[in-house]
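What follows is a set of notes on a single structure, which appears directly below.
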Amino acid sequence: MRRPVIAGNWKMYKTRAETLAFFRDFLPLVESSRHCDIVVAPPFTAIGAAAEAARGTKIAIAGQDLYWQTEGAFTGEVSGKMLAESGCAYVIVGHSERRQYFGETDESVQRKTKAALEAKLTPIVCVGELLAEREGNQTEAVLKRQFDGALTALTPAEFSRILIAYEPVWAIGTGRTATPEIAAEAHRFIRGLAAAQFTHEQGSALRILYGGSVKPDNIKGLMAQAEIDGALVGGASLDAKSFAEIVNY
Ligand code: PEP
């Protein structure tokens, strides 16, 4: 039985004060929610405030990115060790916005995933196809390329510690969600890649989150799919009430 994970990706939203206000509203709404792991990924500058606000609760904090070196002359970058020290237990790696705007490649995703594991963080590795790739029947080829490029270098023990988020790029921030069936089909394909690369048991144990315009009114249908183990939520995670409704699907 795979334990569900509901993770919120705040992107470049919320100051420290807004983060504290969010947690003040959010904590009572999820106090008795025991059916899933809950993760919040604030921007770097609000990680400390989020970690402080979530201390003593079951909510885990995530970074939205990291660099693969532990330290050095890399202006603007943050290491896994720094995230862990600031209170993160997870880190998002290879988000499509990083791939689209900041030159993230499958190779850098691989390095960052390894670095996250070395820092004892749980990487949430994002994969997903563009609209043109889906329309050109390239979805499986793209997912395989992203999986192979980023994840086949992991040992089985390392692979057992990662989460994958399937996020079709055409569904991110567009209000256009993949149907539960389309998402489940992609999840099944990714699970098959994991089973072929590692073992059948590792494929079965892998938790795959769906991301792309998840909202309170579509989470139930998505989570009804046996293949879908949780959600990575962008816009709807910014509001305490709507994120709590998603957590409490
Ligand atoms: C995301 O940021 O990973 C995401 C899925 O965003 P949204 O829910 O806003 O589509």
Side-chain angles (χ1 to χ4, degrees), residues 2-66 78 82-93 95-98 121-124 126 163 165-167 171-178 180 183 207 209-224 228-249:
R2 296 184 294 265
R3 185 168 163 78
V5 186
I6 304 290
N9 171 21
W10 284 359
K11 315 191 187 207
M12 201 174 75
Y13 291 101
K14 292 199 193 291
T15 61
R16 286 173 56 87
E18 289 164 346
T19 297
L20 294 175
F22 172 91
F23 276 92
R24 224 172 8 250
D25 295 341
F26 183 62
L27 290 178
L29 301 175
V30 297
E31 209 168 22
S32 53
S33 316
R34 314 219 179 286
H35 59 286
C36 67
D37 294 337
I38 308 171
V39 182
V40 173
F44 288 138
T45 48
I47 284 173
E52 192 56 44
R55 194 187 302 275
T57 75
K58 55 191 179 307
I59 299 164
I61 305 302
Q64 295 178 14
D65 187 28
L66 78 166
V78 168
M82 292 166 182
L83 291 178
E85 189 206 32
S86 304
C88 291
Y90 292 76
V91 61
I92 298 169
V93 181
H95 191 278
S96 65
E97 287 153 14
R98 304 265 357 140
L121 296 166
T122 299
I124 304 174
C126 302
L163 306 180
Y166 167 61
E167 299 207 302
I172 297 180
T174 58
R176 188 175 162 184
T177 325
R207 291 188 290 173
L209 317 188
Y210 167 76
S213 297
V214 173
K215 307 276 181 244
D217 62 5
N218 58 28
I219 183 69
K220 227 179 165 58
L222 290 161
M223 292 307 290
I228 299 181
D229 305 314
L232 181 53
V233 185
S237 72
L238 291 168
D239 176 71
K241 190 164 161 291
S242 87
F243 192 46
E245 279 180 45
I246 292 172
V247 166
N248 295 325
Y249 63 89

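No hydrogens, no waters, no symmetry mates; every other heavy atom, side chains included, goes into these values.
- Residue pairs satisfying the salt bridge (Lys or Arg N to Asp or Glu O under 4.0 Å) criterion with at least one member in residues 38-57, sequence neighbours excluded, are listed as follows: Glu52-Arg55.
- Counting non-hydrogen atoms of neighbouring residues, nucleotides and ligands closer than 6.0 angstrom, the CZ atom of Phe44 exceeds 12 such neighbours.
- Remark: side-chain polar atoms of Lys14 are paired, donor with acceptor, to backbone N or O of Leu238 under 3.5 angstrom.
- Going from atom OH of Tyr249 over to atom CG of Leu222 covers 11.0 Å, rounded to the nearest 0.5 Å.
- Shortest non-hydrogen contact noted between Ala41 and Gly63 is CB-O, 4.3 Å.
- One N or O on the side chain of Ser242 and one on the backbone of Ala236 form a donor-acceptor pair closer than 3.5 Å.
- Closest approach of Pro42 to Ala50, counting heavy atoms only: CG-CB, 3.6 Å.
- Atom NZ of Lys220 has 12 or fewer neighbouring heavy atoms from other residues, nucleotides or ligands inside a 6.0 Å radius.
- In terms of heavy atoms, Cys88 sits closest to Leu121 at O-CD2, 3.2 Å.
- Closest of all the heavy-atom pairs between Ala51 and Ser86 is CB-O, 3.5 Å.
- Using modelled atom types, no side-chain atom of Trp10 and backbone atom of Val40 make a donor-acceptor pair closer than 3.5 Å.
- A donor-acceptor contact shorter than 3.5 Å is absent between the side chain of Arg98 and the backbone of Val93.
- The side chain to side chain contact (heavy atoms under 4.5 Å, CB included) test with Met223 singles out one residue from Ile228, Asp229, Ile246, Asn218, and that residue is Ile228.
- Enclosure of atom CZ in Arg16 is not indicated, since only 12 or fewer non-hydrogen atoms of other residues, nucleotides or ligands lie within 6.0 angstrom.
- Nearest heavy-atom pair across Ile219 and Ala231 is CD1-CB, 3.9 Å.
- A donor-acceptor pair is defined here as one N or O able to donate and one able to accept, closer than 3.5 Å; such a pair exists between the side chain of Tyr210 and the backbone of Ala178.
- Remark: Thr122 OG1 to Asp37 CG distance equals 9.5 Å, nearest 0.5 Å.
- Annotation: salt bridge (Lys or Arg N to Asp or Glu O under 4.0 Å) contacts of Glu85 (sequence neighbours excluded): none.
- The distance from atom OG1 of Thr177 to atom CG of Asp217, rounded to the nearest 0.5 Å, is 8.0 Å.
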Enumerate, atom names and distances included, each donor-acceptor pair closer than 3.5 Å involving a side-chain atom of residues 20-33, sequence neighbours excluded.
| unit_1 | atom_1 | unit_2 | atom_2 | d |
| --- | --- | --- | --- | --- |
| Ser33 | OG | Val30 | O | 3.2 |
| Ser33 | OG | Asn248 | OD1 | 2.5 |

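- Residue Cys36 comes nearest to Arg3 through the heavy atom pair O-NH2, 3.1 Å, listed as atom of the first residue, atom of the second, then distance.
- Distance CD1/Ile47 to CE/Met82: 12.0 Å, rounded to 0.5 Å.
- Listed for the Gln64 side chain is no donor-acceptor partner under 3.5 Å among the backbone atoms of Val91.
- Judged purely by atom type and a 3.5 angstrom limit, Ser213 uses its side chain to pair as donor or acceptor with the backbone of Gly175.
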Item to check | Worked verdict on Leu232 versus Ile92 for side chain to side chain contact (heavy atoms under 4.5 Å, CB included) | outcome: CA-CA 10 Å; Leu232 181 53; Ile92 298 169; 4.2 Å; yes
